[in-house]
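Below is one structure, written out as structure tokens, with a few remarks after it.
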Amino acid sequence: MTTQSPSSHLTMRRARQLEAVHRIVCAGVDQASKHLSIFVGRSFKIEAPRLGICPVEDLTATALGSAFDEVPMSVAESVKTGIYLSIGGDIEGHFLMLLAPDDARSLVAPLLHDLSVPLDMWDELTESALGEVGNITSSSVLNALADATHLRIGPSCPAIVTDMAGAILEMPMIDIAQYSDEALYIDTTIKMSEEATPAILAIIPNPEGLDKLIEKLDVAKRRRA
Amino acid sequence: MIAVGSSAQPEAPESTQAVGIGQCIVSNDIRLTLVSYGLGSCVGIAMFDATVKVAGLLHILLPEPSGRENGASPMRFASTGIPALIREMESQGAQRTRIRAVAAGGAQMLSVLAKSGPLKGIGERNVAVVCHTLEAEKIKLAASDFGGTSGRTIGIVVATGATWVREAGKPSCDL
């Protein structure tokens, strides 16, 4: 686990609590990798996620900079495809996968080739298939969190958008900035076949949601002890 | 955060100074172009006083403080960031009556978030407070590029005050 902000006021206890969240997310991400490999019909691995905390204004540069090998500030302008789902239920937050547009298309291309999709329907069906990738990934991760905490946590319908990365990441950031000065995010890289694809899987809980998650994990831990 | 540039030799090469989210940069360094990259619902507000050649760029995230933030920078908000930008322009010799403003942003990026919840219409709300605050401060909004569903990058050339905006995959347009 890495904490990215030297000004972070997290205590050691808080850090240990976040490690518990991190472990569950790792288990969820493993499940997501298995389900996605079956869905796209080839090896698909979401690498062990990193958990980071940064000042909310730095979320774009920090999260994008760690995943994409580009100039930190102008990376906000580079075009990415985002698969976005809101997290709702007992905790609220944001779930976002960001990939280079070509990588997003090649991720679901085998599915569309198999279906012999006519060229004029390619874009629409690519979006639909990417939405399913978002559904599978978010369900796996959020189910792992829900099972461990007995909280109701679910994703919304997916939204697909291809635009400047900063502009896509801004929406979750604006939401967090209304309540907090720090953002917690979980990011990772995605490996398709043997090739590592720079990508972000960002799970950004609202501060209240994160507190609720940690509280439930503490209760579950005390019960086991 | 306010950063302040300094005077420079005219023959020095041009360079770009990024203005991040919740940042405000005011400069009279004629080598610089101030740029805010990837604005979605955020708004970039550029100001220029042609007489003293002082330029500023502010990148706001939200319309106004809600009171729930804890020690947030005033530059995060339109209602507090714009007056701070004007003060910094004035401290570098600009005069309010000469300042010309140009702004871009306020798009609605993710329709799923735009329809309901706390982010409903956030781009429009940002634009409304930017326009209202400029009016209250008696600063003329000479040009703008607001709304839509696409991200934007805005830049201002300190030497000339020329402002431009570009969307993904499109050439820059002068504002």
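When reading the values below, keep in mind they use all heavy atoms of this one structure, side chains included, and skip hydrogens, waters and symmetry mates. Order of the sequence lines sets the chain letters (A, B, ...), proteins ahead of strands, with each chain counted from 1.
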**Message:** I need the minimum non-hydrogen distance between B:Gly151 and A:Asp163, along with the two atoms involved.
**Reply:** N-OD2, 3.0 Å

**Asked** So which part of B:Thr149 gets closer than 4.5 Å to some heavy atom of chain A, the side chain, the backbone, both or neither?
**Response** backbone

**Request:** Taking atom CD of B:Glu124 as the centre, report whether more than 12 heavy atoms of other residues, nucleotides or ligands fall under 6.0 Å from it.
**Result:** no

**Request:** Starting at CG of A:Asp175, measure out to CD1 of B:Ile122 and round the result to the nearest 0.5 Å.
**Result:** 9.0 Å

**B:Gln23 vs A:Glu57, side-chain contact (heavy atoms from CB on, under 4.5 Å): CA-CA, chis, key distance, verdict** = CA-CA 9 Å; B:Gln23 276 192 341; A:Glu57 279 96 347; over 6 Å; no

**Message:** Show, in sequence, the C-alpha distance, side-chain angles and deciding distance for B:Arg76 and A:Val56, and conclude whether the side-chain contact (heavy atoms from CB on, under 4.5 Å) test is met.
**Reply:** CA-CA 10 Å; B:Arg76 193 186 287 179; A:Val56 69; 3.3 Å; yes

**Request:** List the atom of B:Met109, the atom of A:Met171, and the distance in Å for their closest heavy-atom pair.
**Result:** CB-CG, 4.0 Å

**Segment of B:Arg152 engaging chain A (4.5 angstrom heavy-atom cut-off)** = backbone

**Fill in**
Tightest non-hydrogen contact, residues A:Ala177 and B:Leu61, listed as CB-CD2, 3.4 Å

**Prompt:** So does B:Glu135 have more than 12 non-hydrogen atoms from other groups sitting under 6.0 Å from CD?
**Reply:** no

**Asked** Which value, rounded to the nearest 0.5 Å, describes the distance between A:Glu170 atom CD and B:His59 atom NE2?
**Response** 5.0 Å

**Prompt:** chain A: which of B:Gly105, B:Cys42, B:Ala168 shares the most heavy-atom pairs with it under 4.5 Å?
**Reply:** B:Cys42

